[in-house]
Amino acid sequence: MPTLCLPLSRLVRSKNNIRKLFTTKALNTRGGIRVLSSRPLWHVNCRGPKYRPTSCHRIPMEQLLSANMCTSSLSDKDMTNWLWCVYNETKRQTEDLIPVISNNFVNPDTIFANNEMSLQDIEIYGFDYDYTLAFYSSHLHTLIFNIARDILIHEHRYPEGLKEYGYIPDFVVRGLHYDVQKALLMKIDAFHYIQLGTVYRGLHPVPDKEVIAMYEGSHVPLEIMSDFYGKSSHGHTMKQFMDIFSLPEMTLLSCVNDYFMKHNIDYEPVHLYKDVKEAIGDVHVKGIMYRAVEADIEKYICYGEQTHAVLRKLSENGKKMFLITNSPLDFVDRGMNYIIGKDWRDLFDVVIVQADKPGFFNDRRKPFRRVTDKGVLLWDRIHHLEKGQIYKQGNLYEFLRLTGWRGSKVLYFGDHIYSDLADLTLKHGWRTGAIIPELRKEIKIMNTEEYVHTMTWLQSLTNLLEHMQVHRDAASQAVIQQWVREREDMRSRAKNIFNAQFGSLFRTYHNPTYFSRRLSRFADIYMASISCLLNYDLQYTFYPRRTPLQHEAPFWPEQTSAGAMNIPFQNHGTGLK
């Protein structure tokens, strides 16, 4: 899991450091107690926990001298003071840990494992092309947005006023859901709950109360979710955007919705969704994007020197390689010539273009066709997939029959979790690697002082709430509700660090996103780019972290969370234990 999901305890390097967070040493002074260090915040005796105040705030000593006294004997004023003592000391000790935690940075070029996998077992490496071998600059999303917007205006008769809108680079993130009938864009977690504060109609957020009223809560039922590949079909009303190319599509949907609302234009959301989808499709299908990129390749493709180094490393170690992409030959050839050189085909044992994934992995009907260098399709039957030749269409079952490349000796890399990886994992037993370009940016954010400070205190405050919520008297609850509000503010701040509208690609507050859960299910490993392979030898074994399940006792100090600590509580005011 990415580091942002880890509790504070995982970020602390030693058992002593994490114990310091919830320990203190009391020193008697005239009229009260001062905190030094090293004594538990709570001391358990036969009559239940006896809490000790933990800051320089004074609490009358006569109320704390009795060895058997518990917090239920404190007055409302003293209970309030005591809770804030615990809060202040927790915050002070959390701040003391920041320098230690700040040194525990994550390398953005790391490969992360969801499933144990050894490169020693991998004999064949397969690759997608777009956003796997070839990476694109931000200019490409602007290009797709502008072309699709103009198609809406000129071919679908949308208002000329839409030309006022340009592409907004940081408005959306990948993995969002779009409610086709309600025209709402939102982030949903792994349990089908909407993350409140991330629901947008057009370019503006929808109030939480309105969202809860529309969905009768924040849960999205399974029957209206998108199908297996994130598509809205067969009566489904939700579409999930999993492709990096979908960022301009989401932005265009938001901009057109915004225009219609701003000008009080009555419109049918379903028609809008279908028209935008068709316009974006035309950018690809009609070859408009391909021709634009080929005409100015240096503007749109990031030079892939490291891509060449990865492929050369695999080739020199005797690994077989293949390419399966939905892009056409001319586009791939032009890009690979730029990234690698004219001899790029020599690195691959098989090259397949216009494969029509994910249909390629499921449809047995389409046979392979060989493509000449001039793009002519030959009609002869394919008995062998020859190195140096280019093939179009086909299907995976025929691919397996002709190559014999089966099972866990094959590792395939792609950026689309559904179209590239899901079927290979579930049906064919290949190993899979997800390329997540956004990962590098998010890790760099996670390594900042602002993020470390925010998340460390958020985790400490959450642990504090978990322990102190048992005090049900009015005075205690008044304090605790202030902490709850502070936690909500901290959670919003943490979200905004990544993206002001939708937050992290991987998190909906504390839960994994819908995107993140699918990533963990369909990808054995994931990384920011295939260049990360250069940091590992080809005998390396990737081991996923063994994090405890909720019902398991933690075996390592960094896995300990407040919920796993075996600390009895007495419910102040109710006697509930």
If you apply the rule side-chain contact (heavy atoms from CB on, under 4.5 Å), what do you find for His177 with Ile194, and how did you get there?
CA-CA 10 Å; His177 281 79; Ile194 300 167; over 6 Å; no

Flag side-chain contact, heavy atom, 4.5 Å: Phe506 against Leu439
yes

Could you grab the distance from atom CD of Gln389 to atom CD1 of Ile352, nearest 0.5 Å is fine?
13.0 Å

Can any side-chain N or O of Lys392 pair as donor or acceptor with the backbone N or O of Leu329 at less than 3.5 Å?
no

Taking every heavy atom of Ser504 against every heavy atom of Thr513, the minimum-distance pair comes out as O-CG2, 4.2 Å

With the side chain counted from C-beta on, respond yes when Ser254 and Tyr200 share a heavy-atom pair under 4.5 Å apart, and no when they do not.
no

Residue pair Met289 / Ile144, side-chain heavy-atom distance below 4.5 Å
yes

Would you say that Leu347 contacts Ile340 through its side chain, given a criterion of any heavy-atom pair below 4.5 Å between the two side chains?
yes

Heavy-atom pair with the smallest gap, counting every atom of Val310 and Ile530
CG2-O, 3.3 Å

Under 3.5 Å, is there a donor-acceptor pair between the side chain of Asp415 and the main chain of Asp243?
no

Heavy-atom distance under 4.5 Å between the side chains of Leu411 and Ile124, does that happen here?
no

Tell me the closest heavy-atom pair linking Met242 and Ser246, and the distance in Å.
N-OG, 4.2 Å

In this structure, is the centre-to-centre distance between the rings of Trp344 and Phe127 below 6.0 Å?
no

Compute the ring centroids of Tyr158 and Tyr259, then answer whether they are less than 6.0 Å apart.
no

Using the rule given for side chain to side chain donor-acceptor pair (under 3.5 Å), can you reason through Tyr267 versus Asn257, listing the C-alpha separation, both sets of side-chain angles and the distance that settles it, and then say yes or no?
CA-CA 9 Å; Tyr267 68 102; Asn257 274 312; 2.5 Å; yes

Where the side chain of Asp356 meets the backbone of Gly359, is there a donor-acceptor pair that is under 3.5 Å apart?
no

Give a yes-or-no answer on whether the side chains of Arg369 and Gln393 include a donor-acceptor pair shorter than 3.5 Å.
no

Ignoring hydrogens and angles, tell me if any N or O in the side chain of Ser137 forms a donor-acceptor pair with the backbone of Lys299 under 3.5 Å.
yes

Taking every non-hydrogen atom, the tightest pair across Val173 and Met250:
O-CE, 3.4 Å

Would you mind reporting whether Lys495 and Thr198 have side-chain heavy atoms less than 4.5 Å apart?
yes

Within a radius of less than 6.0 Å around NE2 of His263, do more than 12 heavy atoms belonging to other residues, nucleotides or ligands occur?
yes

Geometric cation-pi criterion, Arg517 with Phe191: 6.0 Å, 45°
yes

In short, Gln501 meets Asp170 closest at the heavy-atom pair NE2-O, 3.2 Å

Checking Tyr412 against Asp128 for the side-chain contact (heavy atoms from CB on, under 4.5 Å) test, could you report, in this order, the C-alpha distance in whole Å, the side-chain angles of both residues, the deciding distance, and whether it holds?
CA-CA 8 Å; Tyr412 184 79; Asp128 182 29; 3.6 Å; yes

Counting only N and O atoms by type, is there a donor-acceptor contact under 3.5 Å from the side chain of Tyr391 to the main-chain atoms of Glu386?
yes

Would you call Asp109 and Arg440 a salt bridge, taking side-chain N to carboxylate O under 4.0 Å as the test?
yes

When every non-hydrogen atom of Leu421 is compared with those of Gly414, the smallest separation belongs to CD2-N, 3.9 Å

Please list, chain by chain and in numerical order, all residues satisfying ring pair (Phe, Tyr, Trp, His ring centres under 6.0 Å) with Tyr193, sequence neighbours excluded.
His219

Between Arg431 and Asp121, is the closest basic N to carboxylate O distance under 4.0 Å?
no

Suppose we call two aromatic rings close when their centres sit under 6.0 Å apart. Are Tyr131 and Phe245 close by that rule?
yes

Judged by atom type as modelled, is there a donor-acceptor pair below 3.5 Å linking the side chain of Thr110 to the main-chain atoms of Phe112?
no

Quick check against the 3.5 Å criterion: does Asp524 have a side-chain atom that pairs as donor or acceptor with the backbone of Asn115?
no

CG on Asn395 to CZ on Arg364, rounded to 0.5 Å:
8.0 Å

Taking the side chain as every heavy atom from C-beta outward, state whether Leu311 and Leu133 have any pair of such atoms under 4.5 Å apart.
yes

Just how far is it from atom CE of Met238 to atom OH of Tyr514, taken to the nearest 0.5 Å?
10.5 Å

For a side-chain contact (heavy atoms from CB on, under 4.5 Å) check, start with the C-alpha distance between Val276 and Glu249, then their side-chain angles and the critical distance, and finish with the verdict.
CA-CA 7 Å; Val276 170; Glu249 183 176 358; 4.1 Å; yes

Are more than 12 heavy atoms, taken from residues, nucleotides or ligands other than Lys409, located less than 6.0 Å from that residue's NZ atom?
yes

Salt bridge Lys313-Glu316, side-chain N to carboxylate O under 4.0 Å:
no

Are there more than 12 heavy atoms of other residues, nucleotides or ligands under 6.0 Å from atom NZ of Lys387?
yes

Within the side chain of Thr237, is there an N or O that forms a donor-acceptor pair under 3.5 Å with the backbone of Gln181?
no

Does Asn114 use its side chain to pair, donor to acceptor, with the backbone of Leu519 at less than 3.5 Å?
yes

Start with the C-alpha gap between Thr251 and His141, add the side-chain angles, then the distance that decides, and say whether side-chain contact (heavy atoms from CB on, under 4.5 Å) holds.
CA-CA 10 Å; Thr251 307; His141 289 162; over 6 Å; no

Can we call the ring centroids of His428 and Tyr397 under 6.0 Å apart?
yes

Rounded to the nearest 0.5 Å, how far does NZ of Lys366 lie from CD of Glu398?
14.5 Å

For Gln240 and Gly175, indicate whether the former's side chain and the latter's backbone hold a donor-acceptor pair under 3.5 Å.
yes

Nearest 0.5 Å please: distance from the CZ atom of Phe331 over to the CD atom of Gln354.
12.0 Å

Within the 6.0 Å centroid threshold, strictly below: Tyr136 and Tyr300:
no

For the residue pair Tyr165 and Asp258, establish whether any side-chain heavy-atom pair is separated by less than 4.5 Å.
yes

Around atom NE2 of His154, are there more than 12 heavy atoms from other residues, nucleotides or ligands closer than 6.0 Å?
yes

Working to the nearest 0.5 Å, report the span between CE of Met446 and CZ of Phe498.
6.0 Å

